[in-house]
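Positions are given from 1, in the same order as the sequence printed here.
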Amino acid sequence: MDRIASILGQDPIALPPQTRIKAQTPDLDLSDTRISFGDALELGECGLLPLIAERNSSLGRQKQESTRLMYEWALKYGLDQCSPLNDQEWFQKARIAKTKDVEASVIKLLTQSEEADRIHSKINQPFATLAESRIAYINRTQPVTQLITQALRKAAPPSNATITQFEESLRTWSQTQHHGSLHQAIIEARIWLQTANTLQRSAMEANQMCPMGTPTERGRNMQIFIRNYFGGTIQPKLSSITRGLDELNSIWSGLPITLWTHDTLVDALLALPPGYRGELRKELGMHITNWQRLLQSCGLSARADTTNS
């Protein structure tokens with residue numbers, strides 16, 4: 001930042017403290033739907049009595065999020081298979097409630113669970129760069145999304161062996177700590193861009209880089225800085241963050257959810273307030289545009305490596 005200030009002939013601006021943002025996750029509760037003992041007896045032939053009894057107990061309502069998902073999934077699937085009761089109003093309401101509970105269980109697993117806390121933590125540095133973290137995240141997320149998509153698409157519940165594999169996939173997925181790494185990178189990048197953009201605007205308002213549009217030594221130094229240091233060091237880091245965001249959006253945009261929008265889900269995964277990701281992209285676009293305007297004011301052309309591609 002001091003180098004940018006010097007290049008632009010502006011007084012240095014100290015970067016404000018970089019802190020993690022604590023965004024509040026939207027409330028999402030499972031239904032309190034219970035099937036009465038009399039109605040449950042009618043489900044006897046469907047083999048659901050043990051699950052119903054467990055759901056109605058206080059212990060059954062206190063499950064780890066991944067276990068809760070498997071339970072709600074099995075109950076919903078069992079209700080779907082119990083076709084003789086389709087004309088019963090209580091049965092129809094139970095099926096609707098359980099459909100929402102499966103989705104709520106998926107969302108809570110991804111955003112309000114032990115795994116969600118771990119993947120957002122920054123206790124250590126499991127990867128040297130954000131790019132390495134991103135690659136590991138893509139690979140380890142695939143088995144997680146595969147199973148929860150099956151749950152949301154009303155497939156048959158998995159076997160015990162598959163559930164065990166899923167728990168291991170969740171563990172290795174959360175150990176990437178990618179949500180925490182990307183969160184921190186986004187916060188730092190936006191703070192940096194806001195400060196750099198302030199310096200750029202001050203330089204444009206002062207209009208002393210290249211008086212009358214004639215290239216000066218200062219203007220040519222700016223061009224060298226943009227072509228070399230900015231294009232070779234700064235922009236790749238910013239591009240890595242936006243690529244990480246694009247890939248995160250791509251991974252979760254295919255999840256068939258209705259209780260939340262996909263933007264709400266991604267914001268919750270990254271623990272960011274609504275609109276924060278959009279503001280980051282806006283600041284980045286403005287930063288690139290400002291460099292181009294400054295070069296043009298000096299009669300110097302911007303090279304391809306200063307475009308936001």
### Donor-acceptor pair, side chain of S113 and main chain of L110, under 3.5 angstrom
no
### Query
Do R153 and P256 touch side chain to side chain, with heavy atoms closer than 4.5 Å?
yes
### Message
Please determine whether residues M286 and L284 belong to a single hydrophobic cluster, defined as Ile, Leu, Val, Met, Phe, Trp and Tyr linked transitively by side-chain heavy-atom distances below 4.5 Å.
### Response
no
### Within 6.0 angstrom of D11 CG, more than 12 heavy atoms from elsewhere
no
### Message
Between I187 and H183, is there a side-chain heavy-atom distance shorter than 4.5 Å?
### Response
yes
### Task
Output the distance between atom CE (M70) and atom CD (Q64), rounded to the nearest 0.5 Å.
11.0 Å
### Query
Do the side chains of I288 and L245 join up, straight or via other hydrophobic residues, at under 4.5 Å, putting them in one cluster?
yes
### Task
State the CH2-NZ distance between W192 and K237, to the nearest 0.5 angstrom.
10.0 Å
### Query
Does K282 come within less than 4.0 Å of E279, counting only side-chain N to carboxylate O?
yes
### Message
Within the structure provided, determine whether L130 and R243 are in side-chain contact (heavy-atom separation under 4.5 Å).
### Response
no
### Euclidean distance, R227 CZ relative to M222 CE, rounded to 0.5 Å
11.0 Å
### Query
Which distance, rounded to the nearest 0.5 Å, do you find between the CG of L255 and the CG of L152?
5.5 Å
### Query
Checking side chain to side chain contact (heavy atoms under 4.5 Å, CB included) for the pair W73/L147: CA distance, chi angles, key distance, verdict?
CA-CA 11 Å; W73 185 356; L147 196 70; 4.0 Å; yes
### Task
Run the salt-bridge test on K98 and E72 with the 4.0 Å N-O cut-off and return the result as yes or no.
yes
### Task
Quick one: list whatever passes salt bridge (charged side-chain N to carboxylate O under 4.0 Å, His left out) with R220, sequence neighbours left out.
none
### Query
Quick one: do L199 and I224 end up in the same hydrophobic cluster if we chain Ile, Leu, Val, Met, Phe, Trp and Tyr together by side-chain heavy atoms under 4.5 Å apart?
no
### Task
Show your working on side chain to side chain contact (heavy atoms under 4.5 Å, CB included) between L8 and L294 and close with a plain yes or no.
CA-CA 9 Å; L8 296 177; L294 284 164; 3.9 Å; yes
## Note on the structure
Rounded to the nearest 0.5 Å, the CG atom of L193 sits from the CZ atom of R190 at a distance of 9.5 Å
### Summary
Here the pair of heavy atoms bringing S240 nearest to A131 is OG-N, 4.1 Å
### Message
Restricting to ring-ring contact (aromatic ring centres under 6.0 Å, His included), what partner residues turn up for H179, sequence neighbours left out?
### Response
Y137, W173
### Summary
Between A74 and P157, the two heavy atoms sitting closest are CA-CG, 3.8 Å
Can I get a per-line list of side-chain donor-acceptor pairs under 3.5 Å for residues 263-277, giving both atom names and the distance, sequence neighbours left out?
residue: D263; atom: OD1; partner: R277; partner atom: NH2; Å: 3.3
residue: T264; atom: OG1; partner: T261; partner atom: OG1; Å: 2.8
residue: D267; atom: OD1; partner: R277; partner atom: NE; Å: 2.8
residue: D267; atom: OD1; partner: R277; partner atom: NH2; Å: 3.1
residue: R277; atom: NH1; partner: N249; partner atom: OD1; Å: 3.2
residue: R277; atom: NH2; partner: D263; partner atom: O; Å: 3.4

### Message
Closer than 3.5 angstrom, by distance alone: can the side chain of T176 be matched with the main-chain N or O of T172 as a donor-acceptor pair?
### Response
no
### Query
Where do L28 and K108 come nearest, in terms of heavy atoms and distance?
O-NZ, 3.3 Å
### Message
Please check this pair: side chain of Q223 against backbone of L295, looking for a donor-acceptor N/O pair closer than 3.5 Å.
### Response
no
### Message
Run the side chain to side chain contact (heavy atoms under 4.5 Å, CB included) test on H287 and F230 for me, step by step, so that the C-alpha distance in whole Å, both residues' side-chain angles and the decisive distance to 0.1 Å come before the verdict.
### Response
CA-CA 11 Å; H287 187 69; F230 179 79; 3.4 Å; yes
#### Entry: Exam field: side chain T195 to backbone I191, donor-acceptor pair closer than 3.5 Å
yes
### Query
Can you tell me how far CG of D246 sits from CD1 of I241, rounded to the nearest 0.5 angstrom?
12.0 Å
### Query
Are L280 and M1 grouped together when hydrophobic residues (ILVMFWY) are joined by side-chain heavy atoms under 4.5 angstrom apart?
yes
### Within 6.0 angstrom of Q208 CD, more than 12 heavy atoms from elsewhere
no
### Note, P26 side chain near W260 side chain (heavy atom, < 4.5 Å)
yes
#### Entry: Non-neighbouring partners of S169 that pass side chain to side chain donor-acceptor pair (under 3.5 Å), sequence neighbours left out
none
### Message
Restricting to non-hydrogen atoms, name the atom on G219 and the atom on C210 that form the minimum distance, rounded to 0.1 Å.
### Response
CA-SG, 3.8 Å
### Query
Which one of E115, Q165, E65 satisfies the side-chain contact (heavy atoms from CB on, under 4.5 Å) criterion with L170?
E115
### Task
Could you name each residue pair satisfying salt bridge (Lys or Arg N to Asp or Glu O under 4.0 Å) that touches residues 126-143, not counting sequence neighbours?
R134-E247
### Query
Could E167 and R171 be called an ion pair, given the rule that one side-chain N must be under 4.0 Å from one carboxylate O?
no
### Task
Check whether F127 and L248 end up in the same hydrophobic cluster, where Ile, Leu, Val, Met, Phe, Trp and Tyr are linked by side-chain heavy atoms less than 4.5 Å apart.
no
### Query
Does Y229 have any ring-ring contact (aromatic ring centres under 6.0 Å, His included) partners at least two apart in sequence or in another chain, and if so, which?
F225
#### Entry: Chi angles and distances behind the side chain to side chain contact (heavy atoms under 4.5 Å, CB included) call for T141, W252
CA-CA 10 Å; T141 301; W252 299 109; 3.8 Å; yes
### Summary
Closest non-hydrogen contact found for R68 with S105 is CG-OG, 3.5 Å
## Note on the structure
Note: A206 and Q10 closest approach over all heavy atoms is CB-NE2, 4.4 Å
